[in-house]
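In what follows, a single structure is set out as structure tokens and then discussed.
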Amino acid sequence: ASPGPARRACQPHAMAENVRVAVRVRPFSKRERALGCACVVSMDGRHTTVQAKPPRTYAYDAAYWSHDTESPSYAPQEVVMRDIGGAILQSALSGYNGCLFAYGQTGSGKTHSLLG
């Protein structure tokens, strides 16, 4: 007999996917476009660079470029939810607990990432 969901979560293979971190660069808001704001973030695969002085690059489990719909790297809502939401849903259907935690300051795109 296979162990129940609570026992499976303690097994080493289940622990490998406890926490995954993804980042998404959202499109500018109407206000940001009206102000002529510049995007100070760039992405290359899993790496995200903030154009500070000096520039800072971070690596994540996943990175989604949703800032420019004309970009070949553009990640629409369906891709983000397939990758992130689909994995959480599959884990839940397999008996594991799942949680999606969206973090960021007001206006940073949390709702956009969850609802599109």
Side-chain angles (χ1 to χ4, degrees):
S2 66
R7 299 258 319 157
R8 275 186 260 154
C10 296
Q11 294 176 351
H13 68 278
M15 298 299 282
E17 293 197 33
N18 274 354
V19 176
R20 295 187 326 177
V21 179
V23 63
R24 183 181 196 188
V25 177
R26 64 163 173 78
F28 276 150
S29 67
K30 289 179 187 176
R31 181 176 183 271
E32 290 164 330
R33 284 192 303 272
L35 290 172
C37 294
C39 184
V40 296
V41 177
S42 61
M43 292 183 160
D44 183 16
R46 299 181 323 111
H47 296 90
T48 300
T49 301
V50 178
Q51 303 303 325
K53 292 184 182 178
R56 300 213 165 164
T57 300
Y58 304 93
Y60 298 95
D61 295 309
Y64 299 96
W65 182 256
S66 298
H67 182 71
D68 177 12
T69 58
E70 301 301 316
S71 169
S73 301
Y74 178 73
Q77 185 68 16
E78 296 78 18
V79 169
V80 177
M81 290 313 293
R82 180 195 66 213
D83 293 355
I84 305 297
I88 293 170
L89 179 60
Q90 188 58 47
S91 291
L93 293 173
S94 296
Y96 295 98
N97 291 328
C99 176
L100 176 63
F101 181 75
Y103 175 80
Q105 71 183 53
T106 300
S108 64
K110 299 175 299 292
T111 301
H112 177 80
S113 288
L114 292 175
L115 302 177

Kindly work out whether a path of hydrophobic side-chain contacts (I/L/V/M/F/W/Y, heavy atoms less than 4.5 Å apart) joins [X] to [Y].
| X | Y | result |
| --- | --- | --- |
| Tyr60 | Val40 | yes |
| Tyr64 | Ile88 | yes |
| Trp65 | Val50 | yes |
| Val25 | Tyr58 | yes |
| Ile84 | Val79 | yes |

Looking only at heavy atoms, which two atoms of [X] and [Y] are closest? And how far apart?
| X | Y | answer |
| --- | --- | --- |
| Ala87 | Arg20 | CB-NH2, 3.3 Å |
| Ala75 | Ser66 | O-OG, 2.6 Å |
| Ala63 | Gly45 | CB-O, 3.4 Å |

Q) Hey, is the main chain of Val21 close enough, under 3.5 Å, to the side chain of Asp61 for a donor-acceptor pair? A) yes

Q | Residues that Ser73 engages under side-chain hydrogen bond (donor to acceptor under 3.5 Å, both in side chains), provided they are two or more places apart | A | none

Q: Quick one: list whatever passes side-chain hydrogen bond (donor to acceptor under 3.5 Å, both in side chains) with Ser42, sequence neighbours left out.
A: Gln51

Q.
Tell me whether Arg33 at atom CZ has more than 12 heavy atoms from other residues, nucleotides or ligands lying less than 6.0 Å away.
A. yes

(Q) Can you confirm whether Met43 sits close enough to Arg24 that some side-chain heavy atom of one is under 4.5 Å from a side-chain heavy atom of the other? (A) no

**Q.** Of Thr49, Asp44, Thr48, the residue whose pairing with Thr57 passes side-chain hydrogen bond (donor to acceptor under 3.5 Å, both in side chains)
**A.** Thr49

**Q.** Qualifying ring-ring contact (aromatic ring centres under 6.0 Å, His included) pairs, either residue in residues 30-52, two or more places apart
**A.** none

Q: Go through Leu35 and Glu32 one step at a time and tell me if the side chain to side chain contact (heavy atoms under 4.5 Å, CB included) criterion holds.
A: CA-CA 5 Å; Leu35 290 172; Glu32 290 164 330; 5.9 Å; no

